[in-house]
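Numbers restart at 1 for each chain; the letters A, B, ... are given by sequence-line order, proteins then strands.
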Amino acid sequence: MAQNTQGVEATKDPKQLRYETASQWQLMWWKFLDHKLAVISTAVVILLLLIAAFAEFVAPQDPYIHRSQFVNAPPQVIRFWDENGFSLRPFVHDYERERDMRTLRTIYTFDTDSRIYLRFFVEGTEYELFSLIPSSVRLFGTESGEPVFLFGADRLGRDLFSRVIYGTRISMTIGFIGVVLSFVLGITIGGLAGYYGGIIDTIVQRIIELLMSIPTIPLWMGLAAAVPRDWSNVQVYFAITIILSLIGWTNLARVVRSQFLSLREEDFVMAAQLMGASKFRVVFLHMLPSFISYVIAAVTLAIPTMILTETALSFLGLGLRPPTISWGVLLQEAQNIRSVALTPWLMIPGLFVVIAVLSLNFVGDGLRDAADPYTQ
Amino acid sequence: MLAYLLRRSVWMLVTIVLVSMLSFILIQLPPGDFLSTYIAQLSASGQQVDAAEVAALEARYGLDRPVYVQYAMWIRGIVTRGDFGQSFQWNRPVSDLIWERVWFTVILSGASFVFSWVVAIPIGIFSAVRKYSVGDYLFTFLGFIGLSTPNFLLALVLMWLLYINFGVSPGGLFSQEYIDAPWSLAKVWDMLQHLIVPVVVIGTAGTAGLIRTLRARLLDELNRPYVTTARAKGLSAWKLLIRYPVRLAILPFISTVGWVLPQLVSGGIIVAIVLNLPTVGPMLHRSLMSQDMYLAGSFILIISVLTVIGTLVSDLLLAWLDPRIRYE
């Protein structure tokens, strides 16, 4: 008899068997891998996080250095060939300057006969990686040590590419840290409401509804405007992060609450309670693992909102302030139509916002689908 | 129905009271009170500070009294006299400054709302019926792009494209010659033309979410047995679609008004700043930047109250359309 059942097991398709014996997390992982867009987006997000971590190394120049001879210089295009033929080593054309005698603006053209060759791992100015390791090696740069402006330069002749790289650090971390704070608030408040129910639940529900029925941007603007002007950059950074999470927790709390409400009635929770488990133990050891996947998905979907809001606030001059560099702060330069018309490359930081938000949305979407046991 | 209406209205009043408290907290948040800022401003511009005027202002806003008394005085002023306080940047009562802008904001938000529905419903239906077609993928993609692009960036790009291609900058709500002109049909027509860009920009953000919702709901409905039955009985595809599944799928759609409206108003504020529209946005921004807090707080209060009322209206509409809601 025992041999017989073994025989049946053995004839089963090994793939099917693997599926049936896989753990919950393994199933979710497989399902996530099926969502191609989410996988690609995960790679993009990881790349952005790496850029944020190694900004000093990736950026070819110091983001604060002014170069008066490159004021409002247009982006240089990386080329492998030009009229003078093909080159395996990438290069850019040098600028040629002319002065418009009427407006006194410098007009840049490219000298198609010149070639400034690019190289990986060149020596640049000194920096300290993670404020610890002194180094002077940059990811890329020019052979001659001349500055290269892949995204052009701003009105002070600062390299926009390097500034966008540094901005990635601030903009991405503000999203992630803000979400962690929201998550703590959401899981505590939502958990309390869902676990105890009754009057606490009603109060929390009403507060959430209240916060959701008010247009958030004016509220955010009001709070951000109240941040004292004389605070240091670090203080402003944390103040803005806290403001973002103070309003952003509501959605997470709703997810946590509804999960708690449906799980509270489950048999395994009652079993744990009957066996004398403490409330803390029931919540964190029995209930939390069964809905953590939903919460992770909701958290991922909350990050892009944070990034968008930070960008909007900083763009309006109410969020982070220069010399702090974030995507929103960089976009401040593109605020009026005249500067945009003359130097359209100042809108490039916006492209990074779109890429970051889009890929985080796809990752969150993929996670949500993967966490839902009923989708196939 | 009457009980539901009553319950909802009471809850709305509570919300409005809480919102007003929140707005007042915002007014109080900046360090120092506004009067000292005002006096500093006056003396900085070399004007005489009249001690009697200061004393009058202090008494009027109860600045020497506790915060809750100040709040009560502010609310009493609003309810009894329509007095929202004094704007120190403009040196005029707040109520003189805001109403016209509030009206334009209502018009703009309303138009964006209608736009997002008019666009979202046909696209949502198309995406559900032609699931996984090229069009579906295209709209899904566009929807995600719309969702991930900050409103103000979209406004900037549109403005830039119009500027370099046609040499016009589509800022403002009126052409030069109509700004101070009295209302006429020509002026309304001029305004409608200027509304197109902001409405498209503000509307697209909400549209993406609405399309996703409608598509998902409709896909659920299309698999129901009653659809098969109706089809088996020979109902034409179009008639069937519009008569049954779409009607059902649109119901939860209406309940999304509650979160779309605050979103639209929020988005509208930033877009208005970029496009320099005569709505609440730019003035709120300026007042916040100069910490003209009575003006800013009043704007936040009015905008929030209008949004709450709008949400209530949509909830009542839903209850009227869908009898099941009332028994919740």
- Query: Considering all heavy atoms of both residues, which atom of B:Trp160 and which atom of A:Pro344 are nearest to each other, and what is their separation?
  - Reply: CZ2-CB, 3.3 Å
- Would a 4.5 Å heavy-atom cut-off, applied to side chains only, mark A:Leu318 and B:His285 as touching? yes
- Query: Looking at side-chain heavy atoms only, is the closest gap between B:Leu156 and A:Phe315 below 4.5 Å?
  - Reply: yes
- Message: With a 4.5 angstrom heavy-atom cut-off, is it the side chain or the backbone of A:Leu360 that approaches chain B, or both, or neither?
- Response: neither
- salt bridge (charged side-chain N to carboxylate O under 4.0 Å, His left out) pairs, two or more places apart, involving residues 344-365 of chain A: A:Asp365-A:Arg368
- Task: Can you see which heavy atom on B:Ser148 is nearest to which on A:Asn361, and at what distance?
- Result: OG-ND2, 3.9 Å
- Query: Nearest 0.5 Å, what's the OG1-CZ distance between B:Thr15 and A:Arg206?
  - Reply: 8.5 Å
- Note on the structure: Residues passing the side-chain hydrogen bond (donor to acceptor under 3.5 Å, both in side chains) test with A:Asp201, sequence neighbours excluded, are A:Arg257
- Do B:Phe152 and A:Thr311 have side-chain heavy atoms sitting under 4.5 Å apart? yes
- Query: How about B:Leu153 and A:Val354: do any of their side-chain heavy atoms sit closer than 4.5 Å?
  - Reply: yes
- Task: Count the heavy-atom pairs under 4.5 Å between each of B:Ile270, B:Val305, B:Val280, B:Val274 and chain A, then report the option with the highest count.
- Result: B:Ile270
- Item | Part of B:Ile145 within contact of chain A (heavy atom distance under 4.5 Å) | both
- Item | Separation of B:Thr149 OG1 from A:Leu358 CG (nearest 0.5 Å) | 8.0 Å
- Message: With a 6.0 Å cut-off (strictly less than), is the heavy-atom count around CZ of A:Arg254, excluding the residue itself, greater than 12?
- Response: no
- Item | Pairwise side-chain contact, A:Met347 with B:Val157, heavy-atom cut-off 4.5 Å (strictly under) | yes
- Of the backbone (N, CA, C, O) and the side chain (C-beta and beyond), which part of A:Leu316 lies under 4.5 Å from a heavy atom of chain B, both, or neither? both
